[in-house]
Protein chains: 2
Amino acid sequence: MYKVSCAECPLRKYEIFEPFTAEEIAFMHSFKAGELVVEPGTTVMMEGMPSPQLYTILEGLGVRYRTLEDGERQVINFALPGDLIGLQAALMGEMSHSFEATTDMRLCVFNKNDLWRLFQHHPQRSYDLTWLSAVEEHFLGEALSTLGRRSAVERVGWALLRVHARLRAVGLESNGAVPMPWRQRDLADALGLSLVHTNKTLQKLRADNLAQWVDGMLSIPDPFALAQVASVDLEAPQRRPLI
Amino acid sequence: MYKVSCAECPLRKYEIFEPFTAEEIAFMHSFKAGELVVEPGTTVMMEGMPSPQLYTILEGLGVRYRTLEDGERQVINFALPGDLIGLQAALMGEMSHSFEATTDMRLCVFNKNDLWRLFQHHPQRSYDLTWLSAVEEHFLGEALSTLGRRSAVERVGWALLRVHARLRAVGLESNGAVPMPWRQRDLADALGLSLVHTNKTLQKLRADNLAQWVDGMLSIPDPFALAQVASVDLEAPQRRPLI
DNA sequence: CGTCCGCTTGAATAGTTTCAATTGAAGTGG
DNA sequence: CCACTTCAATTGAAACTATTCAAGCGGACG
């Protein structure tokens with residue numbers, strides 16, 4: 001664990017919209033407690049457990065999931081750089097889902113005690129935090145409709161389009177492809193489908209050249225065509241990292 | 001539209017935990033813009049539309065839902081007294097779901113412009129708002145796992161238990177029964193099941209005397225038995241109204 | 001070289017949807 | 001006051017989608 005310059009911290013992204021005051025920059029330095037580097041497969045936060053800390057993903061990809069009574073797993077969503085992890089634990093006392101790193105990951109660590117300090121002295125930042133929470137709620141609502149009312153092809157197509165767009169938004173696209181390090185098992189658990197059926201659906205999309213997901217890389221030759229097949233509205237607002 | 005005494009406003013519930021200062025009470029009076037009374041079936045907020053206002057349900061029951069491209073409807077959740085409606089529109093600019101009153105309803109109206117004032121001058125209240133948002137996220141996660149990984153009996157059982165508990169929590173239980181004014185169609189759309197299958201599942205639960213939902217009233221003779229059948233963890237945290 | 005893991009395949013099964021039609025209660029207009 | 005419409009709940013049967021079970025394949029790794 002070591003301190004890094006604020007320039008490397010995603011909090012800096014704010015500057016695009018509104019420059020920081022000297023006081024604010026000083027505050028953020030004090031807010032950031034350090035960094036955490038973890039290996040693939042590491043469970044960073046566990047459902048039901050309290051956590052004294054709050055994280056922002058600096059680098060790497062992960063997955064948020066819940067475990068059901070019968071041992072089944074429901075993936076809540078995939079986590080990308082810029083995502084905030086552990087707000088629930090900070091506010092509610094304990095996490096309602098687990099968080100696991102899928103690749104090597106570098107996290108920016110904040111102390112949950114400092115959160116209250118943020119609310120007291122930085123209304124703009126706390127407003128943004130609430131905004132972030134509202135955005136999360138929005139995307140969960142979208143996921144809910146997908147699981148509730150869509151066929152396998154639509155679910156898989158929707159998930160690939162969303163993940164692709166988000167990875168592009170955080171600048172992880174190269175040569176028209178984005179990293180997709182998760183397993184078919186993860187996608188199946190995210191979409192409420194069996195592994196077998198997810199596999200067959202992926203093959204269908206691959207055969208029609210609508211989406212290529214091979215060797216941990218995903219490319220979507222024609223997003224509009226895939227959106228058509230998956231009945232997805234491409235115009236829907238995309239998530240953008242804030243903190 | 002007319003002003004009501006603060007004693008009638010749910011914001012007053014805070015006093016249970018922490019007395020208001022004179023300044024805060026004055027602030028809340030200024031925050032509350034008035035009241036809105038609507039009839040059953042009224043769409044209070046529409047997905048995709050901005051809204052200059054923010055509501056708290058004082059009385060009555062409603063439903064939050066999204067409409068999909070193909071016209072299908074996904075119920076996000078059922079809304080009870082104490083629930084905050086329209087935070088998304090206030091923060092993100094537009095609603096990601098619609099809100100409709102199921103029964104006669106009385107709403108407390110706030111102006112979205114005042115929200116920023118809240119964040120600036122009342123850190124405790126804005127913290128609570130974020131907390132509320134985190135709780136909402138928690139319950140959406142629970143709904144997501146239910147739709148993704150559970151059978152029809154489990155879904156229906158889960159929904160009935162949750163709604164029952166929430167209605168009880170806001171004091172709407174009488175003679176062991178709570179009001180359940182929604183239609184089988186609404187429940188089906190909430191659970192991602194067909195109407196026919198929802199109907200047959202309800203009948204099964206009724207036959208086994210696990211849940212009686214007739215004439216708009218719901219009673220659950222033995223919650224533990226139902227929780228058993230539905231593989232639901234009764235110990236899971238319940239939502240409590242905050243604002 | 002053997003084991004593990006992720007991906008793939010086929011066949012049988014089960015759960016859920018869709019279609020089509022009926023009932024009863026409540027509301028509407030002549 | 002009675003036909004007529006409407007809406008929610010209900011039923012049965014047929015069709016289908018997705019799950020489960022079971023097995024095989026290939027690459028990675030010790």
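Per chain, numbering begins at 1; letters A, B, ... match sequence-line order. Predicted model, so just to flag it, every value in this text is computed and none were measured.
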May I ask you to say what [X] touches in the nucleic acid, namely base, sugar-phosphate or nothing, with a heavy-atom cut-off under 4.0 Å?
X         : result
Arg206(A) : sugar-phosphate
Gly192(A) : sugar-phosphate
Leu193(B) : sugar-phosphate

Value in whole Å for how far the [atom2] atom of [N] lies from [atom1] of [X]:
X         : N       : atom1 : atom2 : result
Leu202(A) : dT8(C)  : CG    : P     : 8 Å
Gln203(B) : dA8(D)  : CD    : C1'   : 13 Å
Met180(A) : dC7(C)  : CE    : P     : 10 Å
His197(B) : dT10(D) : NE2   : P     : 15 Å
Asp215(B) : dA8(D)  : CG    : P     : 15 Å
Arg149(A) : dT17(D) : CZ    : C1'   : 15 Å
Asn199(B) : dA9(D)  : CG    : P     : 8 Å
Lys200(A) : dT19(D) : NZ    : C1'   : 10 Å

*Salt bridge between Asp186(A) and Arg73(A), side-chain N to carboxylate O under 4.0 Å?*
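Counted as a salt bridge, because a side-chain N and a carboxylate O are separated by less than 4.0 Å.
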*Between Glu100(A) and Arg64(A), is there a salt bridge with N-O shorter than 4.0 Å?*
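Here Arg64(A) does not pair with Glu100(A) in a salt bridge, since their nearest N and O are not under 4.0 Å apart.
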*For the side chain of Ala152(B), counting heavy atoms from C-beta on, which of dT11(D), dT16(C), dG10(C) is nearest?*
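Closest nucleotide among those given: dT16(C).
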_Nearest to the Arg183(A) side chain among dA18(D), dA13(D), dG6(C), which nucleotide is it?_
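Of the options given, the side chain of Arg183(A) lies nearest dG6(C).
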*How do Trp213(A) and Leu195(B) order along DNA chain C: which one's closest nucleotide is nearer the 5' end?*
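Counting from the 5' end, the first nearest nucleotide belongs to Trp213(A).
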*Side-chain donor-acceptor pair present, Asp222(B), Gln228(B), cut-off under 3.5 Å*: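 There is no such pair (donor and acceptor under 3.5 Å, judged by atom type) between the side chains of Asp222(B) and Gln228(B).
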*With distance as the sole criterion, is a donor-acceptor pair present between the side chains of Glu47(A) and Thr67(A) under 3.5 Å?*
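There is such a pair between these side chains.
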_How close do Val44(B) and Tyr55(B) get, counting heavy atoms only, and between which atoms?_
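Where Val44(B) meets Tyr55(B) most closely, the heavy atoms are CG1-CE1, 3.8 Å.
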